[in-house]
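If you read the sequence from its start, that first residue is 1, and numbering goes on from there. Every number for a ligand or one of its atoms is a count from 1 in the order of the listing.
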Amino acid sequence: MRHLINITDLTVEEINQLIDVADDIYAHPENYYEKCKNKILATLFFEPSTRTRLSFESAMLGLGGSVLGFSSAASSSASKGESVSDTIRMIECYADIVAMRHPKEGAPIVGAQKAIIPLINAGDGGHFHPTQTLTDLTTIRRKKGRLNNLVIGLCGDLKFGRTVHSLIEAMLRYENIEFVLISPEELQVPEYVKEAMNEAGVKWREVTSLEDAMPELDILYMTRIQKERFFNEEDYIRLKDSYILNLEKLENAKKDLSILHPLPRVNEISVEVDDDPRANYFFQALCGRHVRMALILFLLGIK
Ligand code: NCD
């Protein structure tokens, strides 16, 4: 039995296979309609979500399974003081697989310790978000045809943005990847991410100007400033509009740049960019459904 807590819980081969299955699901969804008949997915979301929770639910429904769960800590027994570990042990009586999001870093590890069903981390605090990374990798491979030989710009809140941390950890394992980390100085990636990049020997650098970095990028991964993880509101207000991507800033970009964003967007991509063929963030949300279907099948051991 396997859990998915961190993207490195999967080998590169397994990730590539999941994307292959996601592509097959995209091409032939009818072959998958009954794969999870009589299986139940629980979505336990102690923190807000639109895409991640609904794409998990849509994924399970597309496989013929059923879903149950809650979408806020306030509507669960966590509000009465129940521990994560007890919630998981109880949910095992009602479901075959669980996707959990929690504001505390490490909560899914605690939840998985005694779990007898597969547990998927759907985001833990400012730490990791492995299924968003599977979504990102699927999008990149579909748009660029490869997961190697890429210059990847990550822009925005690189400190608290968990999708950034997981994406870097995943991309480190592919050939000839270079990272350009674009953020205000206060919002640079945490030390453990820098150590991982150094250990892997990839090329990376930190810059503050999006315009300067633009011409060399193959992928531009925009992110939201993570308001809920700031200690004081003044800092958030000062930093929230650090980067706003618009058509003018794209003038020096490559013609085949791919713009990604895990969403939700607040202000960091102006809506005029949405109609540019390089804007792939809504397509990315679709990719998330397919690869989560592939992941559910994999973790349940269904061929
Ligand atoms: C991201 C998250 O929850 O970390 N959203 C998502 O899952 N698509 C990004 C964000 O909230 O900024």
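Annotation: side chain of N121 is not in contact with side chain of M100 (no heavy-atom distance under 4.5 Å).
Annotation: the span from E57 atom CD to L68 atom CG amounts to 9.0 Å, rounded to 0.5 Å. Atom CD of Q132 and atom CD of Q284 lie 5.5 Å apart (nearest 0.5 Å).
Of all the atoms in ligand 1, the ones that sit under 4.0 Å from a non-hydrogen atom of Q226 are 10 (C), 12 (O). Against a heavy-atom cut-off of under 4.0 Å, R224 is close to the following atoms of ligand 1: 10 (C), 11 (O), 12 (O). Listed by number with element, the atoms of ligand 1 under 4.0 angstrom from any heavy atom of L263 are 1 (C), 5 (N), 6 (C), 8 (N), 9 (C).
Across all their heavy atoms, R101 and P48 have their closest contact at NH1-O, 2.9 Å.
Heavy atoms of R101 come nearer than 4.0 angstrom to ligand 1 in at least one pair. The shortest heavy-atom distance from G123 to ligand 1 is not under 4.0 Å.
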For this session: Begin from the C-alpha positions of T138 and R142 and carry the test side-chain contact (heavy atoms from CB on, under 4.5 Å) through to its verdict.
Result: CA-CA 6 Å; T138 304; R142 285 178 178 175; 3.6 Å; yes
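Under the ring pair (Phe, Tyr, Trp, His ring centres under 6.0 Å) rule, F70 has a single partner from F45, Y94, F46, which is F46.
Looking at Q132 next to ligand 1, an N or O pair under 3.5 Å apart turns up.
Among all protein heavy atoms, the one lying closest to atom 4 (O) of ligand 1 is R162 NE, 2.7 Å.
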